[in-house]
Amino acid sequence: MIGIRTTGVLLLGALPLVLAACGPPATQTAPPTVEPASSPEDDMVNKYLSTGDQFRNSGLPEKAIEQYEKALEVDPENPAVYQRLGYALVESEDYERAVRTYRRYVELRPKDCQSHASLGFAYLKQQLTDQAIRSYEKALELCPDDPNAYINMGKAYREAGYLVEGAEAFRRAIELNPDDIGAYESLGRLYWDLKLYPESITIYEAILAHPNPGKDGHWVPWARGRR
C-alpha cells in the first residue's frame with residue numbers, strides 16, 4: 001500500500017490539536033537587506049508574468065499561456081514561470097502538458113513542497129493516482145503541516161480506492177485547519193462509504209453545528225437525512 005500507514009480509523013475528537021508558535025527573541029534584529037538591481041531580462045519576464053496573470057484572472061488561460069511561454073523564451077530556467085504556466089495549462093485542461101511543465105518545476109525546485117504538490121495536482125487531473133500520491137508524499141515530507149496537501153492526498157487515495165488512507169488524510173487536514181468545511185465533508189462521505197455510520201454522523205453533525213458552513217438549503221436536509 002502506498003502512503004500513510006494506519007492502524008485503524010479514529011474519531012475526529014480522539015486527537016487533540018496542538019498549536020505551537022516560535023520565533024526569534026524580541027531583541028534580535030534582522031540584518032538589512034539589499035535588493036539586487038534588476039536586469040532588462042528580469043523586467044521583460046516580469047512584464048510577461050504580469051500580463052499572463054491578468055489574462056488568467058480574467059478567465060483567459062490560453063492567452064495567459066502565450067505570455068508565460070514568452071517569459072520562458074527570455075528565461076527558460078525561471079521556476080516562477082513554470083509554476084504559473086502549469087497552473088494555466090491545468091485551467092485549460094491540457095493536463096499532459098501541465099505534468100511536463102510541473103516536472104520541470106520540480107527539477108528546478110526539488111526542495112520546494114509546492115512544486116511537488118503542483119505536480120501531484122496535475123497527475124490527479126490526469127487520473128494518475130499512484131503518481132499523484134507519490135508527489136503528495138514528497139510534498140508532505142517537505143511540509144508536513146500543510147492541510148491542503150493532505151486534502152489533495154485524501155482525494156488521490158479516494159480515487160485510487162484506498163478509502164481508509166483517504167479518511168486518515170482528510171482527518172489530518174481537519175486537525176491542521178479545523179475550519180475547512182470541505183475537508184469535513186470529504187471525510188464524512190468516506191466514512192459513509194466505509195459503512196462507518198457513527199463516525200460519519202459525527203462529522204455531519206460537526207458541519208451542521210458550524211456557525212458558517214457555507215451550505216445551501218438543499219444540502220442541510222440532505223445531511224440531516226444521513227443522520
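Computed from a predicted structure; not experimentally measured.
A distance of 5.0 Å separates CG of L89 from CZ of R97, quoted to the nearest 0.5 Å. Summarising the geometry, atom OG1 belonging to T129 is positioned 9.0 Å from atom CZ belonging to R134; distances are rounded to the nearest 0.5 Å. The line from OG of S92 to CZ of R56 is 11.5 Å long, rounded to the nearest 0.5 Å. Residue D145 holds its CG atom at 12.0 Å from CG of N177, rounded to the nearest 0.5 Å. Here L187 contributes atom CG and I174 contributes atom CD1; the two are 4.5 Å apart, rounded to the nearest 0.5 Å. From L49, atom CG reaches atom CD of Q83 across 10.0 Å, with rounding to the nearest 0.5 Å.
Summarising the geometry of Y204 relative to G188, their closest heavy-atom pair is OH-C, 3.7 Å, with the distance given to 0.1 Å. Taking every heavy atom of both residues into account, A139 and A117 meet most closely at CB-N, 3.8 Å. Nearest heavy atom pair, residue G52 against residue A64, reads O-CB, 3.2 Å. In this structure, N78 and A80 approach most closely via the heavy-atom pair OD1-N, 3.0 Å.
Y95 pairs with exactly one of Q127, R100, Q126 by the side chain to side chain contact (heavy atoms under 4.5 Å, CB included) rule, that one being Q126. When the options L196, L163, I203, V164 are evaluated for a side chain to side chain contact (heavy atoms under 4.5 Å, CB included) with L190, the one that passes is L163.
K111 and E141 are not joined by a salt bridge, as no carboxylate oxygen comes within less than 4.0 angstrom of a charged side-chain nitrogen. For the pair R172 and E168, the salt-bridge criterion is not met [side-chain N within less than 4.0 Å of a carboxylate O].
Looking at heavy atoms from C-beta onward, Y123 lies out of side-chain contact with I133 at the 4.5 angstrom threshold. Between H210 and D179 there is a side-chain heavy-atom pair separated by less than 4.5 Å. Proximity of F170 to K155: side-chain heavy atoms (C-beta onward) are separated by under 4.5 Å at one or more points.
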*Y68 and D53: side chain to side chain donor-acceptor pair (under 3.5 Å), yes or no, with the steps?*
CA-CA 9 Å; Y68 298 145; D53 291 346; 2.6 Å; yes
*Let me see the working for E66 and K70 under salt bridge (charged side-chain N to carboxylate O under 4.0 Å, His left out), right down to the final yes or no.*
CA-CA 6 Å; E66 293 176 2; K70 290 179 180 178; 5.8 Å; no
_Using the rule given for side-chain contact (heavy atoms from CB on, under 4.5 Å), can you reason through D112 versus L142, listing the C-alpha separation, both sets of side-chain angles and the distance that settles it, and then say yes or no?_
CA-CA 7 Å; D112 183 356; L142 295 167; 6.0 Å; no
*Go through the steps to decide whether R158 and S186 satisfy the test side-chain contact (heavy atoms from CB on, under 4.5 Å), and finish with yes or no.*
CA-CA 10 Å; R158 183 183 60 201; S186 294; 4.0 Å; yes
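Residues Y87 and L124 do not share a hydrophobic cluster, clusters being chains of Ile/Leu/Val/Met/Phe/Trp/Tyr side chains in contact below 4.5 Å. If you chain together hydrophobic residues whose side chains sit under 4.5 Å apart, Y102 and L72 fall into the same group. Placement of L194 and I207 within a single hydrophobic cluster is found when ILVMFWY residues are connected by side-chain heavy-atom separations under 4.5 Å, directly or transitively. Connection of L108 to F121 is established within a shared hydrophobic cluster, with ILVMFWY side chains joined at heavy-atom distances below 4.5 Å, either directly or through further cluster members. Linking ILVMFWY side-chain heavy atoms closer than 4.5 Å, directly or via other members, places L60 and L85 in two distinct hydrophobic clusters.
Although no hydrogens or angles enter the test, the distance criterion places no donor-acceptor pair under 3.5 Å between the side chain of D75 and the main chain of A71. Judged by distance alone, with hydrogens and angles left aside, the side-chain atoms of N46 form a donor-acceptor pair with the main-chain N or O of D42 at under 3.5 Å. In this structure, Y150 contributes its side chain and L140 its backbone to no donor-acceptor pair below 3.5 Å. Although no hydrogens or angles enter the test, the distance criterion places a donor-acceptor pair under 3.5 Å between the side chain of S115 and the main chain of R109. With hydrogens and angles disregarded, no donor-acceptor distance shorter than 3.5 Å links the side chain of H116 to the backbone of V106. Without hydrogens or angle criteria, Y136 side chain to A156 main chain gives no donor-acceptor distance under 3.5 Å.
Surrounding CD of E107 are more than 12 heavy atoms belonging to other residues, nucleotides or ligands, all under 6.0 Å away.
For the residue pair S118/Q114, the side-chain donor-acceptor check at 3.5 Å is satisfied. Side-chain N/O atoms of Y105 and R84 include no donor and acceptor closer than 3.5 Å.
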